[in-house]
J.: 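Below is a structure I'd like to ask you about.
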Amino acid sequence: MTKTAVITGVNGQDGSYLAELLLNRGYGVVGLYRRSSSNNFDRLKNVMGHSRLILNEFDLTDPSDVTDTIIKYRPDEFYNLAAQSHVATSFKQPTTTFEIDSIGVINILEAIRKFSGTTRFYQASTSEMFGRNYSINHNGEKYQDEQTSLMPQSPYAVAKLASHRMVQIYRDAYKLYATSGILFNHEGPRRGVNFVTRKITSYIGQLVNNLITKDTKLKLGNLNASRDWGHAQDYVYAMYLMLQQDVADDFVISSGKAYTVRDFVDKAFKLVDLDYNDYVVIDPEFYRPAEVDYLKGDCSKAKKVLGWEPKISFDQLVQDMVSSDIELYKIR
Ligand code: NAP
Ligand code: GDD
């Protein structure tokens, strides 16, 4: 029988890749998007019109909308990917961020608990919850895994930590199949343009296609932060696997390698034979009130239990994003 999966934030980066994956596996997918005056389904162009895809307006912060959706579909699987996902924005909009990223998750958990107890729930938790904290292995290397204590450094991370704990509580107290993926940064050609990787590659795409010149500088903030960057296509497969286990649990999903923002920008510019120093300027506007300096995940548990590991390397990720943005701006 066809399984039904609900995806919130279906027109976000991850939602679009996950919709493709589940449709390819024969699921009926209910994709939920937030209404706006200029709805954008560009990321869904590969699946628009698919006979097993339903698209509905939905707002996570509205309890009756959430309840009605659960009652209407009583889905086999529910992937909550909707969020105010931009860390810097969360410092400017802490209340909105908390309403979406925390209260919104409680709305779903309550609706599942009351009306659809067999629905398997996936929550998009984040490595940002580790904040400044890390563990140290026997070689003296810093890393984060499921045992590392969470020390959030942004309103976004605090909101995500609250929902992360709620998922654990609903799993333990009410025996719901509720799981959180603690995903490290993952990117790709569909990444929003205000995240640093895509900001860099979309600048390169415009530069290479002569839509801007060297006089239009690329303004960035902290180049010294390290991130563990993977490809979103690999990471949505881990989400799917997490809901196929006998027992619900939380998993770190990461590449296990850390690079600085400077490494990313250097590599991206070198791919088009340019030196980033000629184009990048530091603008304090892009510094954050509090920064997370170092993220590098150890996903041994996911490898062992889920049989998951990343397939797309850092070099391939940067190449994919640069090539894709060069193509994108060619046709404009
Ligand atoms: P994204 O591209 O920003 O997508 C988020 C989606 O959520 C957007 O479609 C957005 O709609 C929607 N949304 C926001 N507020 C909503 C609301 N009140 N009701 C319904 N929908 C709402 O994020 P992503 O990169 O795909 O990430 C997916 C999830 O994983 C997020 O929860 C994020 O916090 C988490 N995460 C991401 C990463 C990463 O590196 N990408 C790592 C760890 C965790 P609009 O387009 O209208 O804003
Ligand atoms: N966005 C942005 N813009 N970041 C910049 C810039 C800039 O101009 N210049 C430097 N950075 C630095 C940030 O200070 C941060 O250290 C790093 O680049 C990455 O920033 P983002 O790409 O915005 O991602 P993030 O790490 O803050 O958050 C992403 O990953 C989290 C998982 O760790 C988001 O996808 C979150 O939703 C996700 O939870």
Side-chain angles (χ1 to χ4, degrees), residues 7-18 31-36 38-41 43-44 56-62 65-66 69 79-90 96-97 99-101 103-105 107-108 122-131 144 152-154 156-157 159-160 163-164 180-188 190-200 203 218-232 235-236 239 253-254 259-262 264-265 280-295 297:
I7 304 173
T8 69
V10 72
N11 52 346
Q13 172 189 252
D14 292 2
S16 65
Y17 284 121
L18 183 64
L32 304 177
Y33 62 93
R34 180 165 59 167
R35 196 205 77 82
S36 92
S38 53
N39 283 329
N40 184 345
F41 298 115
R43 292 182 177 121
L44 293 172
N56 285 344
E57 280 180 7
F58 170 87
D59 198 304
L60 194 55
T61 59
D62 190 306
D65 202 4
V66 175
T69 302
Y79 296 86
N80 180 38
L81 308 187
Q84 191 304 92
S85 69
H86 198 259
V87 174
T89 300
S90 78
T96 302
T97 302
E99 276 169 0
I100 300 171
D101 297 5
I103 310 290
V105 182
N107 290 341
I108 302 171
Y122 174 86
Q123 166 60 13
S125 287
T126 165
S127 53
E128 183 74 12
M129 299 186 302
F130 293 115
Q144 290 99 1
Q153 298 292 323
S154 63
Y156 167 77
K160 284 283 186 176
S163 44
H164 184 73
S180 293
I182 307 171
L183 270 55
F184 283 62
N185 297 49
H186 46 280
E187 322 285 316
R190 298 183 195 172
R191 186 60 142 152
V193 288
N194 56 359
F195 296 92
V196 75
T197 55
R198 186 75 200 290
K199 187 173 169 182
I200 294 164
Y203 176 90
L218 173 58
K219 295 178 184 170
L220 295 177
N222 179 13
L223 300 187
N224 298 321
S226 290
R227 288 291 181 275
D228 175 326
W229 277 298
H231 199 295
Y235 286 43
V236 297
M239 297 175 189
I253 299 296
S254 64
Y259 295 90
T260 61
V261 176
R262 191 185 307 283
F264 191 105
V265 78
V280 171
V281 292
I282 300 302
D283 183 339
E285 194 200 324
F286 296 105
Y287 278 102
R288 293 173 183 181
E291 178 63 285
V292 169
D293 297 317
Y294 185 87
L295 291 176

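Treat the numbers as computed from the prediction; the structure is a model and nothing was measured. Atoms within a ligand are numbered from 1 in the order they appear, just like the ligands themselves.
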J.: Within a distance under 4.0 Å of any heavy atom of Glu128, pick out the atoms of ligand 2 and give their elements.
T.: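 What qualifies from ligand 2 is 33 (O).
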
J.: May I ask you to check if ligand 1 and Ala124 share an N or O to N or O distance below 3.5 Å?
T.: no

J.: Do any nitrogen or oxygen atoms of Trp229 lie less than 3.5 angstrom from nitrogen or oxygen atoms of ligand 2?
T.: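 Min N/O separation from ligand 2 is not below 3.5 Å for Trp229.
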
J.: Answer yes or no for atom 1 (P) of ligand 1: protein heavy atom present at a distance under 4.0 Å?
T.: yes

J.: Please report whether ligand 1 has a polar contact with Thr126, defined as an N or O pair separated by less than 3.5 Å (distance criterion only).
T.: no

J.: If hydrogens are left out, which of Phe58, Tyr235, Tyr156 has an atom nearest to atom 36 (N) of ligand 1, that is, the closest non-hydrogen atom?
T.: Tyr156

J.: What is the nearest protein non-hydrogen atom to atom 25 (P) of ligand 2, stated with its residue, atom name and distance?
T.: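 For atom 25 (P) of ligand 2, the nearest protein heavy atom comes out as Asn185 ND2, 3.7 Å.
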
J.: Under a 4.0 Å heavy-atom limit, does Ser85 contact ligand 2 with its side chain, its backbone, both, or neither?
T.: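 Both the backbone and the side chain of Ser85 come within reach of ligand 2.
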
J.: Below 3.5 angstrom, do we get any N/O pair linking Tyr33 and ligand 1?
T.: no

J.: How close do Tyr122 and Leu81 get, counting heavy atoms only, and between which atoms?
T.: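 Shortest heavy-atom contact: CE2-CD2, 3.9 Å.
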
J.: Within the structure, is a non-hydrogen atom of Ser125 found at a distance of less than 4.0 Å from ligand 1?
T.: yes

J.: Heavy atom of Arg190 under 4.0 Å from ligand 1?
T.: no

J.: For Leu183, is at least one N or O under 3.5 Å away from an N or O on ligand 2?
T.: no

J.: Does some non-hydrogen atom of Arg191 fall short of 4.0 Å from ligand 1?
T.: yes

J.: Is the closest N or O pair between Thr197 and ligand 2 shorter than 3.5 Å?
T.: no

J.: Backbone, side chain, both or neither: what part of Leu295 comes under 4.0 angstrom of ligand 2, heavy atoms only?
T.: side chain

J.: Is ligand 2 less than 4.0 angstrom away from at least one heavy atom of Arg262?
T.: no

J.: How about Asn80 and Gln123: does a side-chain donor come under 3.5 Å of a side-chain acceptor?
T.: yes

J.: Just going by heavy-atom distances, which of Ala82, Ala83, Ser16, Gly15 is nearest to atom 14 (C) of ligand 1?
T.: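 Among Ala82, Ala83, Ser16, Gly15, the closest heavy atom to atom 14 (C) of ligand 1 comes from Ala83.
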
J.: Check Val196 against ligand 2 and report side chain, backbone, both or neither, counting heavy atoms closer than 4.0 Å.
T.: both

J.: Quick one: does Ile100 get within less than 4.0 Å of ligand 1, heavy atoms only?
T.: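 It does; at least one heavy atom falls under 4.0 Å.
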
J.: Which bit of Lys160 is near ligand 2, meaning a heavy atom under 4.0 Å away: side chain, backbone, both or neither?
T.: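 Near ligand 2, Lys160 shows nothing, with every heavy atom at 4.0 Å or more.
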
J.: Does the residue Tyr287 have a heavy-atom contact with ligand 2, meaning some pair of atoms that are separated by less than 4.0 Å?
T.: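 No, that is not the case, since the closest heavy atom of the residue is not under 4.0 Å from the ligand.
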
J.: For His86, state whether at least one heavy atom is located under 4.0 Å from any atom of ligand 2.
T.: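 Under 4.0 Å: yes for His86.
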
J.: Side chain, backbone, both or neither: which part of His86 comes within less than 4.0 Å of ligand 1 when only heavy atoms are counted?
T.: neither

J.: Looking only at distance, does Gln84 have an N or O less than 3.5 Å from an N or O of ligand 1?
T.: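 Min N/O separation from ligand 1 is not below 3.5 Å for Gln84.
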
J.: Examine the proximity of ligand 2 to Leu220 and report which part, side chain or backbone, both or neither, has a heavy atom under 4.0 Å away.
T.: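 The part of Leu220 near ligand 2 is both the backbone and the side chain.
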
J.: Is there a polar contact, in the sense of an N or O pair closer than 3.5 Å, between Ser127 and ligand 1?
T.: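 N/O-N/O distance below 3.5 Å does not exist for this pair.
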
J.: For atom 39 (C) of ligand 1, which protein heavy atom lies nearest, and how many Å away is it?
T.: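 Checking every protein heavy atom, the shortest distance to atom 39 (C) of ligand 1 gives His186 CE1, 3.3 Å.
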
J.: Please report the shortest heavy-atom distance between His186 and Gln13, naming the atom on each side.
T.: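 Scanning both residues completely, I find the closest heavy atoms to be O-NE2, 3.1 Å.
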
J.: Have a look at ligand 2 and work out which part of Glu187, if any, has a heavy atom under 4.0 Å from it: side chain, backbone, both or neither.
T.: neither

